[in-house]
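Each chain gets a letter, A, B and so on, in the order its sequence line appears, and its residues count up from 1.
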2 protein chains.
Amino acid sequence: MKKLDILKKLRSSGLRPTKQRVEIAKFLFERDKTFHFTIESLDKLLAKKTSSKFALATIYNTVHAFKEAGHLSEVEVRGNKSYFDTNVSNHHHFYDSETAELIDIDANDIVIQKIPKAPNGKKIKNVEVFINLKN
Amino acid sequence: MKKLDILKKLRSSGLRPTKQRVEIAKFLFERDKTFHFTIESLDKLLAKKTSSKFALATIYNTVHAFKEAGHLSEVEVRGNKSYFDTNVSNHHHFYDSETAELIDIDANDIVIQKIPKAPNGKKIKNVEVFINLKN
DNA sequence: TTTCACTTTAGAACAATTATAAACTAGTTT
DNA sequence: AAACTAGTTTATAATTGTTCTAAAGTGAAA
(Lines give C-alpha, C1' and ligand atoms only; values in the text may rest on other atoms or scores of the structure.)
Protein backbone atom coordinates (compact mmCIF):
# COMPACT_ATOMS: atom_id res chain seq x y z
CA MET A 1 0.00 0.00 0.00
CA LYS A 2 1.46 3.30 -1.14
CA LYS A 3 1.51 6.56 0.75
CA LEU A 4 -1.14 8.07 -1.53
CA ASP A 5 -3.45 5.18 -0.80
CA ILE A 6 -2.89 5.69 2.87
CA LEU A 7 -3.85 9.33 2.64
CA LYS A 8 -6.92 8.29 0.70
CA LYS A 9 -7.75 5.60 3.21
CA LEU A 10 -7.56 8.04 6.08
CA ARG A 11 -9.47 10.83 4.37
CA SER A 12 -12.20 8.55 3.11
CA SER A 13 -12.72 7.42 6.71
CA GLY A 14 -13.08 11.00 7.89
CA LEU A 15 -9.70 10.84 9.62
CA ARG A 16 -7.45 13.82 9.14
CA PRO A 17 -4.10 12.50 7.94
CA THR A 18 -1.89 13.79 10.68
CA LYS A 19 1.82 12.99 10.87
CA GLN A 20 1.15 10.39 13.58
CA ARG A 21 -1.72 8.66 11.83
CA VAL A 22 0.16 8.48 8.55
CA GLU A 23 3.24 7.00 10.20
CA ILE A 24 1.25 4.45 12.16
CA ALA A 25 -0.88 3.58 9.14
CA LYS A 26 2.21 3.07 7.01
CA PHE A 27 3.65 0.83 9.65
CA LEU A 28 0.47 -1.21 9.92
CA PHE A 29 -0.77 -1.37 6.36
CA GLU A 30 2.35 -1.35 4.18
CA ARG A 31 2.72 -5.09 4.54
CA ASP A 32 2.12 -8.16 2.48
CA LYS A 33 1.07 -10.37 5.32
CA THR A 34 -1.48 -9.92 8.05
CA PHE A 35 -0.16 -8.28 11.16
CA HIS A 36 -1.34 -9.06 14.68
CA PHE A 37 -0.47 -6.85 17.61
CA THR A 38 -1.36 -5.53 21.02
CA ILE A 39 -1.08 -1.85 21.90
CA GLU A 40 1.99 -2.68 23.93
CA SER A 41 3.75 -4.52 21.12
CA LEU A 42 2.83 -1.84 18.60
CA ASP A 43 4.21 0.82 20.90
CA LYS A 44 7.53 -1.02 21.19
CA LEU A 45 7.79 -1.71 17.48
CA LEU A 46 7.00 1.89 16.58
CA ALA A 47 9.59 3.11 19.06
CA LYS A 48 12.20 0.96 17.31
CA LYS A 49 11.28 1.47 13.69
CA THR A 50 10.34 5.09 13.54
CA SER A 51 12.42 8.02 14.60
CA SER A 52 9.52 9.88 16.13
CA LYS A 53 8.04 8.98 19.48
CA PHE A 54 4.29 8.79 19.90
CA ALA A 55 2.39 9.28 23.09
CA LEU A 56 0.82 6.05 24.29
CA ALA A 57 -2.56 7.79 24.25
CA THR A 58 -2.05 8.57 20.58
CA ILE A 59 -1.46 4.92 19.82
CA TYR A 60 -4.66 4.01 21.66
CA ASN A 61 -6.57 6.80 19.90
CA THR A 62 -5.24 5.87 16.50
CA VAL A 63 -5.79 2.15 16.80
CA HIS A 64 -9.35 2.74 17.96
CA ALA A 65 -9.99 5.21 15.18
CA PHE A 66 -8.69 2.67 12.65
CA LYS A 67 -10.84 0.00 14.19
CA GLU A 68 -13.96 2.19 14.08
CA ALA A 69 -13.17 2.94 10.46
CA GLY A 70 -13.00 -0.77 9.71
CA HIS A 71 -9.27 -0.84 8.94
CA LEU A 72 -8.45 -3.07 11.88
CA SER A 73 -10.33 -5.81 13.66
CA GLU A 74 -10.11 -6.86 17.25
CA VAL A 75 -9.61 -10.51 18.08
CA GLU A 76 -11.02 -12.50 20.99
CA VAL A 77 -8.09 -13.61 23.06
CA ARG A 78 -8.41 -14.78 26.61
CA GLY A 79 -6.49 -12.51 28.90
CA ASN A 80 -6.23 -8.91 29.77
CA LYS A 81 -4.79 -7.41 26.62
CA SER A 82 -6.61 -6.52 23.42
CA TYR A 83 -5.29 -8.01 20.20
CA PHE A 84 -5.74 -6.34 16.85
CA ASP A 85 -5.46 -7.64 13.32
CA THR A 86 -4.84 -5.87 10.02
CA ASN A 87 -6.93 -8.54 8.34
CA VAL A 88 -10.47 -7.22 8.46
CA SER A 89 -12.04 -9.85 6.26
CA ASN A 90 -14.02 -12.67 7.74
CA HIS A 91 -11.50 -15.24 8.97
CA HIS A 92 -10.40 -17.30 11.95
CA HIS A 93 -7.37 -17.83 14.18
CA PHE A 94 -4.94 -20.24 15.63
CA TYR A 95 -3.63 -19.12 19.00
CA ASP A 96 -0.36 -20.33 20.38
CA SER A 97 -0.48 -19.62 24.09
CA GLU A 98 3.21 -20.50 24.45
CA THR A 99 4.22 -17.50 22.40
CA ALA A 100 0.98 -15.50 22.78
CA GLU A 101 0.90 -15.46 18.99
CA LEU A 102 -2.05 -15.40 16.61
CA ILE A 103 -2.04 -17.01 13.18
CA ASP A 104 -4.71 -16.29 10.59
CA ILE A 105 -6.89 -19.00 9.14
CA ASP A 106 -8.58 -18.20 5.87
CA ALA A 107 -12.37 -18.29 6.06
CA ASN A 108 -12.39 -20.98 3.35
CA ASP A 109 -10.17 -23.29 5.35
CA ILE A 110 -12.89 -23.89 7.91
CA VAL A 111 -16.25 -25.25 6.86
CA ILE A 112 -19.02 -25.51 9.40
CA GLN A 113 -21.63 -28.09 8.52
CA LYS A 114 -24.08 -27.62 11.31
CA ILE A 115 -24.77 -24.59 13.41
CA PRO A 116 -27.54 -23.88 15.92
CA LYS A 117 -29.98 -21.13 15.18
CA ALA A 118 -29.81 -17.94 17.17
CA PRO A 119 -32.01 -17.65 20.26
CA ASN A 120 -35.28 -15.73 20.57
CA GLY A 121 -35.36 -12.71 18.29
CA LYS A 122 -31.61 -12.58 17.88
CA LYS A 123 -29.58 -12.97 14.72
CA ILE A 124 -26.10 -14.27 14.12
CA LYS A 125 -23.70 -11.39 13.59
CA ASN A 126 -20.64 -13.50 12.90
CA VAL A 127 -18.97 -16.77 13.75
CA GLU A 128 -15.44 -16.86 15.07
CA VAL A 129 -13.46 -20.05 15.29
CA PHE A 130 -10.53 -20.00 17.63
CA ILE A 131 -8.13 -22.95 17.61
CA ASN A 132 -5.86 -23.21 20.61
CA LEU A 133 -2.52 -24.83 19.93
CA LYS A 134 -0.24 -26.91 22.09
CA ASN A 135 3.18 -28.45 21.49
CA MET B 1 -24.64 -31.59 43.77
CA LYS B 2 -24.80 -32.29 47.47
CA LYS B 3 -22.63 -30.87 50.18
CA LEU B 4 -20.78 -34.14 50.63
CA ASP B 5 -19.94 -34.20 46.97
CA ILE B 6 -18.67 -30.67 47.23
CA LEU B 7 -16.38 -31.60 50.08
CA LYS B 8 -15.16 -34.53 48.04
CA LYS B 9 -14.70 -32.37 44.98
CA LEU B 10 -12.58 -29.91 46.93
CA ARG B 11 -10.53 -32.48 48.76
CA SER B 12 -9.85 -34.54 45.67
CA SER B 13 -8.48 -31.40 44.04
CA GLY B 14 -6.13 -30.79 46.94
CA LEU B 15 -8.20 -27.84 48.11
CA ARG B 16 -8.87 -27.61 51.80
CA PRO B 17 -12.62 -27.22 52.23
CA THR B 18 -12.70 -23.93 54.04
CA LYS B 19 -15.92 -22.18 54.92
CA GLN B 20 -15.45 -19.75 52.05
CA ARG B 21 -14.63 -22.36 49.43
CA VAL B 22 -17.55 -24.53 50.44
CA GLU B 23 -20.00 -21.65 50.30
CA ILE B 24 -18.74 -20.44 46.94
CA ALA B 25 -18.66 -23.98 45.56
CA LYS B 26 -22.23 -24.59 46.70
CA PHE B 27 -23.30 -21.39 45.03
CA LEU B 28 -21.55 -22.29 41.79
CA PHE B 29 -22.10 -26.01 41.50
CA GLU B 30 -25.46 -26.70 43.11
CA ARG B 31 -27.27 -25.85 39.90
CA ASP B 32 -28.99 -27.67 37.11
CA LYS B 33 -27.99 -25.32 34.37
CA THR B 34 -24.66 -23.93 33.34
CA PHE B 35 -23.70 -20.73 35.07
CA HIS B 36 -21.66 -17.96 33.47
CA PHE B 37 -20.16 -15.15 35.50
CA THR B 38 -17.49 -12.56 35.94
CA ILE B 39 -15.72 -11.99 39.22
CA GLU B 40 -17.71 -8.80 39.63
CA SER B 41 -21.08 -10.46 39.06
CA LEU B 42 -20.18 -13.36 41.33
CA ASP B 43 -19.15 -10.97 44.07
CA LYS B 44 -22.50 -9.17 43.85
CA LEU B 45 -24.53 -12.35 43.74
CA LEU B 46 -22.68 -13.83 46.70
CA ALA B 47 -23.20 -10.63 48.66
CA LYS B 48 -26.94 -10.95 48.08
CA LYS B 49 -27.44 -14.67 48.52
CA THR B 50 -25.14 -15.51 51.35
CA SER B 51 -25.08 -13.96 54.76
CA SER B 52 -21.31 -13.93 54.98
CA LYS B 53 -19.18 -11.42 53.18
CA PHE B 54 -16.11 -12.57 51.30
CA ALA B 55 -13.06 -10.49 50.56
CA LEU B 56 -12.75 -9.77 46.85
CA ALA B 57 -9.31 -11.35 46.89
CA THR B 58 -10.85 -14.55 48.23
CA ILE B 59 -13.24 -14.67 45.31
CA TYR B 60 -10.34 -14.24 42.91
CA ASN B 61 -8.31 -16.88 44.73
CA THR B 62 -11.17 -19.33 44.87
CA VAL B 63 -12.26 -18.94 41.26
CA HIS B 64 -8.69 -19.39 40.11
CA ALA B 65 -8.21 -22.41 42.33
CA PHE B 66 -11.41 -23.95 40.92
CA LYS B 67 -10.26 -23.18 37.41
CA GLU B 68 -6.84 -24.76 38.00
CA ALA B 69 -8.61 -27.80 39.42
CA GLY B 70 -10.71 -28.05 36.27
CA HIS B 71 -14.02 -27.22 37.93
CA LEU B 72 -14.47 -23.99 35.99
CA SER B 73 -13.46 -22.91 32.52
CA GLU B 74 -12.62 -19.48 31.28
CA VAL B 75 -14.31 -18.21 28.14
CA GLU B 76 -12.87 -15.98 25.44
CA VAL B 77 -14.80 -12.77 25.51
CA ARG B 78 -13.55 -9.60 23.95
CA GLY B 79 -13.20 -6.90 26.56
CA ASN B 80 -11.51 -6.32 29.81
CA LYS B 81 -13.28 -8.71 32.13
CA SER B 82 -12.75 -12.45 32.46
CA TYR B 83 -15.76 -14.71 32.05
CA PHE B 84 -16.04 -18.08 33.74
CA ASP B 85 -18.30 -21.03 33.07
CA THR B 86 -19.35 -23.92 35.28
CA ASN B 87 -19.59 -26.07 32.15
CA VAL B 88 -16.13 -27.55 31.77
CA SER B 89 -16.97 -29.95 28.98
CA ASN B 90 -16.05 -29.20 25.41
CA HIS B 91 -18.68 -26.78 24.11
CA HIS B 92 -19.22 -23.44 22.41
CA HIS B 93 -20.91 -20.09 23.03
CA PHE B 94 -23.28 -17.52 21.74
CA TYR B 95 -22.42 -14.06 22.96
CA ASP B 96 -24.96 -11.29 23.14
CA SER B 97 -22.98 -8.06 23.33
CA GLU B 98 -26.17 -6.08 24.08
CA THR B 99 -26.54 -7.81 27.43
CA ALA B 100 -22.94 -9.03 27.81
CA GLU B 101 -24.44 -12.48 28.20
CA LEU B 102 -23.06 -15.87 27.25
CA ILE B 103 -25.21 -18.82 26.18
CA ASP B 104 -23.87 -22.34 25.95
CA ILE B 105 -23.94 -24.32 22.74
CA ASP B 106 -23.62 -28.05 23.08
CA ALA B 107 -20.58 -29.49 21.32
CA ASN B 108 -22.89 -31.66 19.22
CA ASP B 109 -24.81 -28.70 17.89
CA ILE B 110 -21.84 -27.51 15.88
CA VAL B 111 -20.23 -29.77 13.33
CA ILE B 112 -17.07 -28.66 11.62
CA GLN B 113 -16.50 -30.32 8.29
CA LYS B 114 -13.14 -28.94 7.34
CA ILE B 115 -10.37 -27.66 9.56
CA PRO B 116 -6.80 -26.68 8.74
CA LYS B 117 -3.99 -28.66 10.24
CA ALA B 118 -1.90 -27.12 12.98
CA PRO B 119 1.30 -25.32 11.96
CA ASN B 120 4.87 -26.65 12.27
CA GLY B 121 5.23 -29.03 15.19
CA LYS B 122 2.14 -27.79 16.95
CA LYS B 123 -1.00 -29.71 17.78
CA ILE B 124 -4.57 -28.62 18.17
CA LYS B 125 -5.50 -28.34 21.83
CA ASN B 126 -9.13 -27.41 21.33
CA VAL B 127 -11.48 -25.59 19.00
CA GLU B 128 -13.75 -22.88 20.32
CA VAL B 129 -16.58 -21.49 18.27
CA PHE B 130 -17.89 -18.14 19.32
CA ILE B 131 -21.07 -16.84 17.73
CA ASN B 132 -21.71 -13.15 18.16
CA LEU B 133 -25.37 -12.17 18.22
CA LYS B 134 -27.16 -9.04 17.10
CA ASN B 135 -30.78 -8.00 17.25
C1' DT C 1 -2.83 34.23 7.44
C1' DT C 2 -6.29 33.63 10.35
C1' DT C 3 -9.34 30.72 12.28
C1' DC C 4 -11.28 26.68 14.37
C1' DA C 5 -12.49 22.13 14.93
C1' DC C 6 -9.91 18.13 15.33
C1' DT C 7 -5.55 15.93 17.33
C1' DT C 8 -1.83 15.07 20.20
C1' DT C 9 0.19 14.94 24.50
C1' DA C 10 1.50 14.11 29.44
C1' DG C 11 -0.33 12.94 33.20
C1' DA C 12 -4.26 11.82 36.13
C1' DA C 13 -7.93 8.67 36.76
C1' DC C 14 -10.01 4.34 36.47
C1' DA C 15 -10.98 -0.64 36.41
C1' DA C 16 -9.58 -5.38 36.68
C1' DT C 17 -6.38 -8.16 38.65
C1' DT C 18 -2.41 -9.69 41.41
C1' DA C 19 0.81 -9.26 45.32
C1' DT C 20 1.80 -8.63 50.24
C1' DA C 21 2.00 -9.66 54.81
C1' DA C 22 -0.45 -10.18 59.01
C1' DA C 23 -4.23 -12.73 61.17
C1' DC C 24 -6.69 -16.94 61.00
C1' DT C 25 -7.92 -21.96 60.63
C1' DA C 26 -8.22 -27.03 59.10
C1' DG C 27 -6.16 -30.90 60.03
C1' DT C 28 -2.22 -33.37 61.96
C1' DT C 29 0.79 -34.39 65.78
C1' DT C 30 1.57 -34.72 70.37
C1' DA D 1 -7.55 -31.64 73.80
C1' DA D 2 -3.62 -28.41 73.29
C1' DA D 3 -0.09 -27.18 70.28
C1' DC D 4 1.67 -26.91 65.86
C1' DT D 5 2.04 -25.95 61.00
C1' DA D 6 1.12 -25.29 56.40
C1' DG D 7 -2.44 -23.57 53.83
C1' DT D 8 -6.01 -19.81 53.63
C1' DT D 9 -8.33 -15.42 54.19
C1' DT D 10 -8.25 -10.67 54.52
C1' DA D 11 -7.54 -5.64 53.87
C1' DT D 12 -4.82 -3.02 51.51
C1' DA D 13 -1.17 -1.74 48.35
C1' DA D 14 0.71 -2.38 43.91
C1' DT D 15 0.45 -3.34 39.13
C1' DT D 16 -1.41 -3.43 34.54
C1' DG D 17 -4.13 -2.11 30.68
C1' DT D 18 -7.02 1.42 29.26
C1' DT D 19 -9.63 5.79 29.20
C1' DC D 20 -10.15 10.62 30.49
C1' DT D 21 -8.77 15.47 30.77
C1' DA D 22 -7.42 19.77 29.58
C1' DA D 23 -3.84 22.40 27.61
C1' DA D 24 -0.95 22.96 23.56
C1' DG D 25 -0.53 21.96 18.71
C1' DT D 26 -1.95 21.47 13.77
C1' DG D 27 -4.51 20.41 9.24
C1' DA D 28 -7.25 22.55 6.10
C1' DA D 29 -10.96 25.77 4.96
C1' DA D 30 -12.04 30.60 4.41
- Using atom types as modelled and distance alone, determine if a side-chain donor or acceptor of B:R21 lies under 3.5 Å from a backbone N or O of B:L15.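 Answer holds: no.
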- Task: Say whether, by atom type as modelled, one donor and one acceptor occur between the side chain of B:K114 and the main chain of A:N108 under 3.5 angstrom.
- Result: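 Side chain of B:K114 to backbone of A:N108: a pair is present.
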Just the rounded figure in Å: distance from [atom2] of [N] to [atom1] of [X].
{"X": "B:Y60", "N": "C:dA19", "atom1": "OH", "atom2": "P", "value": "12 Å"}
{"X": "B:K81", "N": "D:dT19", "atom1": "NZ", "atom2": "P", "value": "14 Å"}
{"X": "B:L15", "N": "C:dA26", "atom1": "CG", "atom2": "P", "value": "15 Å"}
{"X": "A:N61", "N": "D:dG25", "atom1": "CG", "atom2": "P", "value": "18 Å"}
{"X": "B:E68", "N": "C:dT18", "atom1": "CD", "atom2": "C1'", "value": "14 Å"}
{"X": "B:L10", "N": "D:dT8", "atom1": "CG", "atom2": "P", "value": "10 Å"}
{"X": "A:L7", "N": "D:dA28", "atom1": "CG", "atom2": "C1'", "value": "14 Å"}
{"X": "B:I59", "N": "D:dT10", "atom1": "CD1", "atom2": "P", "value": "9 Å"}

If you only use heavy atoms from C-beta on, which nucleotide in [options] is closest to the side chain of [X]?
{"X": "A:N80", "options": "D:dT8, D:dT10, D:dT16", "answer": "D:dT16"}
{"X": "B:A57", "options": "C:dG27, D:dT10, D:dT18", "answer": "D:dT10"}
{"X": "B:R11", "options": "D:dA28, C:dT8, C:dG27", "answer": "C:dG27"}
{"X": "B:R16", "options": "C:dT7, C:dT9, D:dT8", "answer": "D:dT8"}
{"X": "A:F54", "options": "D:dT10, C:dT9, D:dT18", "answer": "C:dT9"}
{"X": "A:Q20", "options": "D:dT8, C:dT8, D:dT12", "answer": "C:dT8"}

Using a cut-off of strictly less than 4.0 Å, decide whether [X] has a side-chain nitrogen or oxygen near OP1 or OP2 of [N].
{"X": "A:T18", "N": "C:dC6", "value": "no"}
{"X": "A:H64", "N": "D:dT18", "value": "no"}
{"X": "B:S82", "N": "C:dA16", "value": "no"}
{"X": "A:T58", "N": "C:dT7", "value": "no"}

- Task: Could you pick out which residue, A:T62 or B:E40, lies toward the 5' side of DNA chain C when each is mapped onto its nearest nucleotide?
- Result: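 Looking at DNA chain C, the more 5' nearest nucleotide goes with A:T62.
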- Want to settle it: does B:Y83 or A:K53 sit nearer the 5' end of DNA chain C, counting the closest nucleotide to each?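 Counting from the 5' end, the first nearest nucleotide belongs to A:K53.
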- Reference residue A:D104; test side chain to side chain donor-acceptor pair (under 3.5 Å); the match among A:H92, A:K33, A:H91: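 Only one option passes, and that is A:H91.
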- Message: Looking only at side-chain N and O atoms, does A:D85 offer a donor or acceptor that is under 3.5 Å from a partner on A:N87?
- Response: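 Side chains of A:N87 and A:D85: no pair found under 3.5 Å.
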- Message: Hydrogens and angles aside, do B:N135 and A:K123 bring a side-chain donor and acceptor to less than 3.5 Å of each other?
- Response: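 Distance-only check fails for B:N135 and A:K123.
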